[in-house]
Asks: 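Pasting in a structure now, in structure tokens, and then I'll have a few things to ask.
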There are 2 protein chains.
Amino acid sequence: MSAEDVKLKLVEAEEPDENDYRLQEQVGFILRKAHQRHVSIFAAHIADLTPPQFAALAKLHDVGETSQNQLGSLIAMDAATVKGVIDRLKARGLVELSKHEVDKRRLLVSLTAEGRNAVERLIPIARDITQETLAPLSAKEAAIFMKLLAKLA
Amino acid sequence: MSAEDVKLKLVEAEEPDENDYRLQEQVGFILRKAHQRHVSIFAAHIADLTPPQFAALAKLHDVGETSQNQLGSLIAMDAATVKGVIDRLKARGLVELSKHEVDKRRLLVSLTAEGRNAVERLIPIARDITQETLAPLSAKEAAIFMKLLAKLA
DNA sequence: TCAAATTCATTCGTATGCAAATGATATCAA
DNA sequence: TTGATATCATTTGCATACGAATGAATTTGA
């Protein structure tokens, strides 16, 4: 092998061209898998509620009555998505809706007594879910990870 | 305030009970948001393909012809999901299907010439998408983040 | 060998998630 | 004041994502 060949080989090894794209190493792909894993852990602990549904309940418990859109922005859901989530929670009697007295465009959402009980019962379990999701990391790693993840989101 | 009151207050501050659950700090919630952000960045660069569709094409480009289920396991999609993705890629002429000669259960998937062209054209853009997704982090932070994220996924 | 278990694929039902269009109401600005 | 904008909510259409059920084909094991 000539010196030129060696040089070419090194360049190839250090600068992968478009023929060497590693899907499994792309942040989007791994982010999707990590999210899938979390949803799966969530479902194993809380079978009758999805993460978005629980997010809506937890946020309502936190801030009290709010409009549907406002709730959506608090839990990072667009208007169309939050509507579906709230509809299903309402059908199960966990939230109730009412019209805003002054601004007739707004639909106010609040927890029912049953919804409040559910959230308060589930919050300790949600803490377990967070812990189990982070279990592959040491405490120190988890702290670093959360800091960096927050920067990305 | 008595010494006892002070002690109670400290305990409360350090050991939040179930009334103090911060949704915005839970790994699942932030993971969902980070994933949403990535999908949005992806869509801004590649409007006519979704991340799962691109993943299927990129993986086919990598490994060549495979069965639908095998492809699914390579890109972390269950059988029902991968079927939908492949159906849509087939309808657009980017992949083609054929029956496995020996094992009649299997459906083989491969790139068409058009599909191959598309992947090769898009891979450099996909690199940009990865970069932009990680842009809020320094190079050092990004390296640490990817290592930890991989552990979680 | 042949019955049981496994694998591959499909279908159905449910639940996000988002873009775009629409309608009602509110706010702003000339 | 009123016409242009903006906001809130709904609806439709499309695309993941997964559990569960089903059927066809293959493999295993007693």
Side-chain angles (χ1 to χ4, degrees), chain A residues 28-29 31-44 46-57 66-92 94 97-109 153, chain B residues 28-29 31-44 46-57 65-92 94 97-109:
Chain A
F29 184 80
L31 223 33
R32 177 170 146 270
K33 289 215 311 178
H35 181 245
Q36 283 176 3
R37 173 170 168 271
H38 172 261
V39 171
S40 165
I41 292 171
F42 189 100
I46 301 181
D48 59 345
L49 233 43
T50 64
Q53 287 168 358
F54 177 74
L57 296 180
T66 23
S67 75
Q68 199 175 256
N69 265 15
Q70 173 64 14
L71 178 61
S73 84
L74 290 172
I75 57 180
M77 278 178 221
D78 70 12
T81 301
V82 77
K83 185 191 190 316
V85 173
I86 294 303
D87 278 355
R88 285 179 283 275
L89 292 175
K90 175 172 182 268
R92 293 175 51 180
L94 299 175
L97 305 177
S98 62
K99 289 178 184 172
H100 191 288
E101 286 303 320
V102 177
D103 187 339
K104 294 178 188 169
R105 294 170 305 179
R106 294 191 201 171
L107 190 62
L108 296 175
V109 190
Chain B
F29 184 81
L31 222 35
R32 177 171 147 270
K33 288 217 309 180
H35 181 246
Q36 282 176 3
R37 172 169 168 272
H38 172 262
V39 171
S40 164
I41 291 171
F42 189 101
I46 302 180
D48 59 345
L49 233 43
T50 64
Q53 287 168 359
F54 176 74
L57 296 180
E65 189 175 60
T66 23
S67 75
Q68 199 175 255
N69 265 15
Q70 173 65 12
L71 177 61
S73 84
L74 291 172
I75 57 179
M77 278 178 222
D78 71 12
T81 301
V82 79
K83 184 189 190 316
V85 173
I86 294 303
D87 279 354
R88 286 180 284 274
L89 292 175
K90 175 172 182 266
R92 292 175 50 180
L94 299 174
L97 304 179
S98 63
K99 290 178 184 173
H100 192 287
E101 286 303 320
V102 177
D103 187 339
K104 295 177 187 169
R105 295 169 304 178
R106 295 190 201 171
L107 190 61
L108 296 174
V109 190

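Letters A, B, ... mirror the listed sequences (proteins, then strands); counts begin at 1.
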Asks: Just call it for A:D78: base, sugar-phosphate, or nothing, with non-hydrogen atoms closer than 4.0 Å on any strand.
Replies: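 Base, at least one base atom sits under 4.0 Å.
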Asks: Report the residue (A:V39 or A:A79) whose heavy-atom-nearest nucleotide on DNA chain D is the more 5′ of the two.
Replies: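 On the 5' side of the pair lies A:A79.
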Asks: Taking any heavy-atom pair under 4.0 Å as a contact, classify B:V85: base, sugar-phosphate, or nothing.
Replies: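 It contacts sugar-phosphate atoms only.
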Asks: When you match B:Q53 and A:A80 each to their closest nucleotide on DNA chain D, which lands nearer the 5' end?
Replies: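 Its nucleotide being nearer the 5' end, the pick is A:A80.
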Asks: Can you tell me if A:Q36 touches the phosphate of D:dT16, counting only side-chain N or O atoms and a distance under 4.0 Å to OP1 or OP2?
Replies: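 For D:dT16, neither OP1 nor OP2 has a side-chain N or O of A:Q36 closer than 4.0 Å.
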Asks: Between D:dA9, D:dT26, C:dT10, spot the one nearest the side chain of B:L107, thanks.
Replies: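 Output: C:dT10.
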Asks: Would you please confirm or rule out a distance under 4.0 Å between OP1 or OP2 of C:dT7 and any side-chain N or O of B:Q70?
Replies: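 Negative; the distance criterion is not met.
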Asks: Which part of the nucleic acid, if any, lies within contact of B:V82, taking any heavy atom under 4.0 Å across all strands shown: a base, the sugar-phosphate backbone alone, or nothing?
Replies: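 No contact at all - B:V82 keeps every heavy atom at 4.0 Å or more from the nucleic acid.
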Asks: For a quick check of understanding: with a heavy-atom distance under 4.0 Å over all strands, which category does B:T81 fall into, base, sugar-phosphate or nothing?
Replies: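 Since a base atom lies under 4.0 Å of B:T81, the category is base.
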Asks: Can you tell me whether the side chain of B:R105 and the base of D:dT26 have a donor-acceptor pair closer than 3.5 Å?
Replies: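 Under the 3.5 Å cut-off, the side chain and the base do not form any donor-acceptor pair.
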Asks: Assign B:V109 to base, sugar-phosphate, or nothing according to its heavy-atom contacts below 4.0 angstrom with the strands shown.
Replies: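 It contacts nothing in the nucleic acid.
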Asks: Can you figure out which of D:dA9, D:dA25, C:dT10 approaches the side chain of B:K83 most closely?
Replies: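 Nearest listed nucleotide: C:dT10.
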Asks: For A:S67, which contact category applies under a 4.0 Å heavy-atom criterion: base, sugar-phosphate, or nothing?
Replies: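 Sugar-phosphate contact only - A:S67 comes under 4.0 Å of backbone atoms but never of a base.
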Asks: Nearest to the side chain of B:R88, which nucleotide is it out of C:dA26, D:dT10, D:dT16?
Replies: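 Nearest listed nucleotide: D:dT16.
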